[in-house]
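Working notes for the structure below.
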Amino acid sequence: TTSPSTGDTSTLRHRRTVPTSSETLQTLSEDRRSQTAELDDTQSSNGTSAHFSPGGHFSQDPQSSRVVLMLVAGLCFATRLYKITEPPHVCWDETHFGKMGSYYINRTFFFDVHPPLAKMLIGLAGYMTGYDGTFPFGKPGDKYEHHNYWGMRGLCAVLGSFLPIFAYVIVQDLSRSYTAALITATLLIFDTGCITISQYILLDPILLFFIMAAVLSMVKFNLQRFRPFTSYWWLWLVLTGVNLAGALGVKFVGLFVILLVGLNTVWDLWRILGDLSLSLVEISKHFLARVVGLILVPLFLYVTIFAVHFVVLNKSGPGDGFFSSAFQSRLIGNNLHNASMPEYLAYGSTITVKNLRIAGGYLHSHWHLYPEGVGARQQQVTAYLHKDYNNVWLVHKQDNNASDLVRHGDIIRLEHKETTRNLHGHLHEAPLTKKHFQVTGYGINGTGDTNDLWQVEVCGGQKGDVVKVLRSKIRFLHRATGCVLYSSGKTLPKWGWEQVEVTCSPYLKETPSSQWNIEDHINPKLPNISLSVLKPHFLEILLESHIVMIRGNSGLKPKDNEMNSKPWHWPINYQGLRFSGVNDTEYRVYLLGNPVVWWMNLASLGLYPIMVAVASITLQRGFSLEHSLVLMREGGLLLLGWLLHYAPFYTMGRVLYFHHYFPAMLFSSMLTGITFDVLLKSTDLLLRPPYSDWLQRLGQMVLLFSVLYSFYLFHPLSYGMTGPLAHEPGSAMAGQKWMDSWEF
Amino acid sequence: VSVMLQLPLVVTTQVDLVLVLVSLLAFWTRLSRLSSPNAVVFDEVYYGQFVSLYMKRVFFIDDSGPPLGHMIMALGAYLGEFDGNFVWNRIGAEYPSSVSVWSLRLLPAVCGALCVPLVYLLTLELKFCHLSALGASALLLLENSLIVQSRFMLLESLLIFFVLVALLSYLKFHNHPNSWFRYCWLLLSGASCAAAVGVKYMGVFSYLLLVGVASLHTWNLIGDRTLSVCVQCVCRAVCLLVVPVLLYVFWFYLHLTLLHRSGPHDQLMSSAFQASLEGGLSRITQGQPLDVSYGSQVTLRSSASQPIPCWLHSHKANYPIRYENGRGSSHQQQVTCYPFKDVNNWWIIKDAGRQELVVSSPPRPVRHGDVIQLVHGMTSRFLNSHDVAAPMSPHSQEVSGYIDFNVSMAAQNLWRVDISNREAESESWKTIMSEVRLVHVNTSAVLKLSGVSLPDWGFRQLEVVAEKLFKAHSSSLGWTVEEHRYGTSQEQKEREAELHSPTHIDVDRKMSFWAKFLELQWKMLTVKQEDSEHKYSSSPLEWITMETNIAYWLHSSTNAQIHLIGNPVSWGVAHLSLLAYQLLAAVYLLRRRRGLKDLPDGVWAQFVCLGCVCVGGWLVNFVPFLLMEKTLFLYHYLPALCYLHLLSPALLEHTHTHLHARTLYPVLHRSTHQLSASQLQALKWRDSWDILYRRR
């Protein structure tokens with residue numbers, strides 16, 4: 001269907017194409033024309049439509065396009081669901097996420113650094129397929145035996161299967177080129193990395209699903225831009241919002257796709273603002289519609305996810321200590337649930353003291369000294385997030401042990417129950433916060449010196465007020481130096497067991513960091529009274545759990561002896577992750593991208609800027625190359641997506657893994673589709689038509705076969721291998737260890 | 001063509017008296033009484049030691065920045081005939097009369113003073129009027145944080161000076177499109193960029209901004225179809241990209257040429273680098289045989305400089321039978337890594353097939369891929385590894401000196417030499433130059449420095465292990481032969497005597513400048529500082545509100561003191577104008593998008609240019625600090641602040657409101673005023689300012 005007009009000897013030829021016959025495509029290319037009209041570039045706009053039809057099934061009539069889509073879908077499901085139940089033991093992070101799925105089934109409260117949506121879905125899938133939540137998911141390698149685990153893996157695999165399909169549709173909608181879409185789909189279907197990561201009980205397939213769905217909806221929404229406020233327009237707008245909420249509800253990485261959609265929306269609004277034919281009222285309608293669709297709807301859904309999370313998990317579990325006393329009183333089985341204890345703090349009581357900053361720990365000490373060079377070499381005092389017998393302190397009067405209530409302004413001594421040392425402060429620098437003073441455990445059997453004395457102050461109270469357990473905010477003022485007991489929130493290094501620093505702050509401002517409350521309170525001489533602790537408001541819980549999650553995330557620091565993956569490793573497929581099996585008798589699965597696919601992506605990331613540079617310089621000099629608009633505009637969107645999902649990892653201090661690259665890898669593969677397609681189509685800049693078409697087709701075939709052949713070579717990485725390791729002779733993978741750093 | 005000389009010869013000059021006046025004022029504020037206090041002030045204690053090392057030509061490595069700034073200060077010291085003999089050990093130490101304090105502080109102060117007229121000219125180049133220029137220079141003139149920072153041996157004033165020169169000369173270049181002289185300006189701009197980056201890495205931010213603006217201009221140039229643009233583009237690229245890179249390398253060339261003696265930081269560098277320095281290692285290694293042969297006596301230095309450089313070591317002590325945690329060991333002889341020179345660091349290379357421990361004649365060199373045994377010189381134990389967990393890193397294999405306890409633990413003492421920086425497959429193992437890995441033949445584990453200290457039984461030396469997983473790159477796997485000689489003694493007794501004798505023979509070995517440069521640069525970027533919080537450190541967000549001050553110096557007996565605090569009025573004005581510019585720009589942009597052009601195109605271009613330079617300059621000099629994890633101080637904000645001071649008057653002019661903030665807050669930078677405690681208290685405008693009082 002092409003009628004190229006050969007432009008004699010000039011290197012830049014403008015190929016005219018006959019508009020396509022199909023109705024729909026006609027209108028779509030109309031869209032493109034009007035959309036590009038503002039750039040005065042109609043010449044290239046219709047050049048981008050899918051005029052090119054090598055072979056039967058690349059053409060654009062709806063019948064065969066549906067067949068191609070079906071084919072893509074079939075291959076996706078086949079590759080992802082093949083051997084889904086293998087290996088029948090816990091692989092890698094299944095131990096965490098499978099366990100968390102079980103927690104939902106058992107309704108036990110836990111703490112995780114990621115938002116709850118994916119784990120709820122996993123739990124739901126397990127529940128629906130007859131998994132009863134009893135498998136402990138102890139450590140990688142544990143056999144599942146009779147437990148029904150296929151449902152949870154199946155959910156992940158099915159969601160993972162949608163990725164190439166979505167990518168296919170996105171690229172096709174962006175570039176109007178079936179070739180580009182097919183290149184992308186081929187890359188993703190036959191990438192061993194994408195297959196492996198989709199086959200296990202992990203958050204990533206679910207996250208990737210929502211990210212791609214959000215991008216797809218956004219692209220579809222962009223296509224509707226000339227029919228605003230129609231039902232399809234609204235549908236895609238709201239769907240974008242829904243998927244954004246989904247992505248964010250799985251992992252905070254979802255923020256990057258929100259940023260992408262946000263930038264796209266800002267750009268879109270800027271375009272609308274520049275359209276002088278629209279009145280300000282219409283513009284504000286546009287604006288408000290986006291606020292509703294892209295901010296309010298996702299926000300509502302996101303909050304709903306958490307509401308469900310808190311409603312479902314109502315039993316006490318391993319995550320309690322991370323949260324405030326008030327929060328814990330909600331959980332059935334926690335010692336604060338329907339608590340009963342002496343109401344007012346008294347001398348002689350055994351207590352635990354919890355810091356009031358969000359995710360502040362319990363005042364803690366243990367049989368370890370501060371190391372040399374860190375203040376005085378006395379016993380460490382820290383804040384610790386878990387419940388532990390080392391959190392227990394005894395309240396003493398300054399000198400004798402009379403049983404009486406502690407009041408505002410009283411001077412007390414806190415003795416650590418386990419080690420019998422007193423809470424002690426002195427004029428040495430604190431270990432991390434150098435502007436504060438060090439707090440230690442000092443003395444033996446309760447005898448110490450005047451630096452062990454602390455004045456109790458009830459916030460907002462006056463002299464003589466009693467201290468209410470759980471409800472009073474109290475502060476401890478150091479008698480000798482006048483500073484106040486403070487939890488800085490900084491994590492101590494290894495010598496402090498990565499617990500949180502406790503200091504004495506000379507700045508007396510009232511902040512939650514310097515406020516504490518009494519949580520457990522045992523005093524046999526006083527009557528126990530049932531306390532109905534103030535139930536926290538839902539929004540308080542939400543805020544608290546977010547701060548705890550963010551702290552947890554930044555607290556995941558790389559361990560010294562642990563292999564740490566660096567962001568620059570990822571695009572070059574430098575090193576994978578061992579999912580299962582170490583030695584040669586075990587069933588081994590290794591998460592590693594298909595090197596041919598990944599290196600093609602890498603090459604296209606290098607090629608793309610060069611091609612854009614050439615295209616934009618020619619444009620700036622007043623010529624225009626064919627396809628340059630698709631390349632610059634749609635390719636630019638994908639490049640932005642890649643950058644947003646990749647660059648931020650360079651600034652992250654937390655421990656990083658290879659699988660963090662997969663969202664970026666999807667964008668990169670879509671970019672590869674467009675880049676290679678445009679590159680192949682640009683062969684007509686070099687050769688005359690029949691030859692250029694041949695070259696083009698040859699290029700496509702080479703691409704296809706190299707991907708297929710490499711998949712054949714590397715498929716054991718995903719579908720499991722046994723026998724000798726690859727660096728030993730006699731292994732099936734012997735020749736395939738192309739990089740020394742691969743460990744299969 | 002001859003031009004007739006016309007008489008009379010007349011020189012006409014125009015002098016901008018205002019400019020002269022502000023310059024004089026600037027020099028007065030920055031230079032008067034420069035040598036008081038006659039004591040070490042704040043970071044002078046840090047930079048001073050480098051100046052001393054320059055004077056003594058002793059090599060050092062400073063990870064805080066490139067060497068140009070240090071060299072400029074050293075130039076001042078050189079002119080003042082400073083001999084480098086001063087111990088820079090604490091802030092507040094009095095300088096002896098032999099040290100010319102004035103000359104040490106002169107160059108930074110001059111550069112700081114020159115910033116004021118530069119800002120004046122820069123405002124004019126941004127096409128604002130002389131009154132705005134006066135305003136900008138007045139703001140800079142009266143900014144007491146800049147005055148304090150300029151008056152001592154500190155780098156910020158140098159940095160700001162070079163950045164301003166670079167911007168000014170670029171704008172000169174851009175504003176005079178039709179003269180050939182303009183390329184001199186461009187060249188100057190490139191050179192000052194290199195100087196700015198050479199003073200502090202922070203200069204990179206301003207350099208990137210300038211390159212960004214320049215590439216935008218070049219892009220518009222490309223769009224102009226009436227011109228042929230190739231030559232112009234190439235000129236710009238050469239001046240702004242190539243020249244700065246070359247000059248940057250040139251600073252290092254100077255640095256390395258000046259510093260040719262070995263010194264305290266030698267240990268951080270590779271053996272080859274150390275050997276190129278006078279004294280130190282080269283005194284020992286001069287004239288060693290180059291090729292390591294069978295029978296060679298060697299010391300093996302780990303390529304890792306973390307946690308501390310050390311040599312492969314063994315001694316007459318065995319691993320304890322049981323460790324503290326109950327795990328068992330092989331109880332064979334300890335092999336460790338020891339950070340001091342010692343006779344126990346000597347090892348002998350032995351051919352597995354032969355018995356003798358001397359070098360045959362001719363010597364048979366060891367090549368890549370050869371299998372060798374390593375014999376410890378003093379104890380004659382073979383370097384051995386086996387499937388026993390290492391003491392501190394239980395995932396790795398233990399390395400020991402083999403002792404046969406007759407417990408069916410066979411010796412596994414064969415090691416394959418793997419030269420990782422080889423150029424040919426059969427390359428021989430060279431002293432100092434080759435980095436080798438020792439691969440254990442039986443288990444294919446690699447000899448590695450784990451970096452963990454052993455407990456008391458291992459004398460707190462560093463643990464050496466063999467690691468099974470073959471990871472591609474880690475410097476802790478590499479070892480270099482440092483001291484080397486051909487062994488000649490057959491008997492153990494003779495050999496011990498030989499090992500105790502020093503190695504000496506003479507030949508000189510050179511390392512190319514590029515190799516030295518790359519190594520030095522790499523070390524500077526990767527050597528990790530202990531990041532600890534400082535008493536006066538602050539976070540970037542606190543800078544905007546000027547939350548913290550820095551006490552630079554306190555007189556040893558009186559209340560006289562120097563603080564780094566900004567002028568609160570100009571500080572406030574600067575940030576208000578930043579906000580105002582952004583609001584104004586947003587309003588203009590939205591209205592222009594709707595087709596309402598408030599400004600004629602020329603004024604709009606001027607406004608945009610102002611924003612690019614000033615707001616852009618503030619952004620690139622501020623935002624990166626938000627992402628940094630190192631210890632930061634208020635003075636890191638000064639370059640960004642200068643951009644804002646440039647912005648304020650220009651924006652005022654733009655809005656046609658001529659209000660100039662000229663309130664003074666000058667007391668605290670005058671050091672020798674002795675204020676009473678109550679006067680000091682009155683100056684404590686904010687609770688968070690830490691002003692010091694002497695207790696009476």
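Here is how names work: the chains are called A, B, and so on, in the same order as the sequence lines, proteins then strands, and each is numbered from 1.
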Original post:
Which residues satisfy the salt bridge (Lys or Arg N to Asp or Glu O under 4.0 Å) test with A:Arg290, sequence neighbours excluded?
Top reply: A:Asp268
Original post:
Hey, what do you get for CG (B:Leu589) to CG (A:Leu273), rounding to the nearest 0.5 Å?
Top reply: 10.0 Å
Subject >> B:Trp522 atom CH2, over 12 foreign heavy atoms within 6.0 Å >> reply: no
**OP:** Answer with side chain, backbone, both or neither: which region of B:Leu626 has an atom nearer than 4.5 Å to a non-hydrogen atom of chain A?
**Re:** neither
**OP:** Flag yes if more than 12 heavy atoms outside A:Trp267 fall under 6.0 Å of its CH2 atom; otherwise flag no.
**Re:** no
Subject >> With sequence neighbours excluded, residues passing ring-ring contact (aromatic ring centres under 6.0 Å, His included) with B:Phe205 >> reply: none
**OP:** Look only at the side chain of B:Arg593 and the backbone of A:Asp275, and say whether a donor-acceptor pair between them is shorter than 3.5 Å.
**Re:** no
Subject >> Between CG on residue B:Leu221 and CD on residue A:Gln620, distance to nearest 0.5 Å >> reply: 9.5 Å
Original post:
With only heavy atoms counted, which part of A:Ile617 is less than 4.5 Å from chain B, the side chain, the backbone, both or neither?
Top reply: both
Original post:
Donor-acceptor pair, A:Arg621 side chain versus B:Gly223 backbone, under 3.5 Å?
Top reply: no
Original post:
Should we count CZ of A:Phe287 as having more than 12 external heavy atoms under 6.0 Å?
Top reply: no
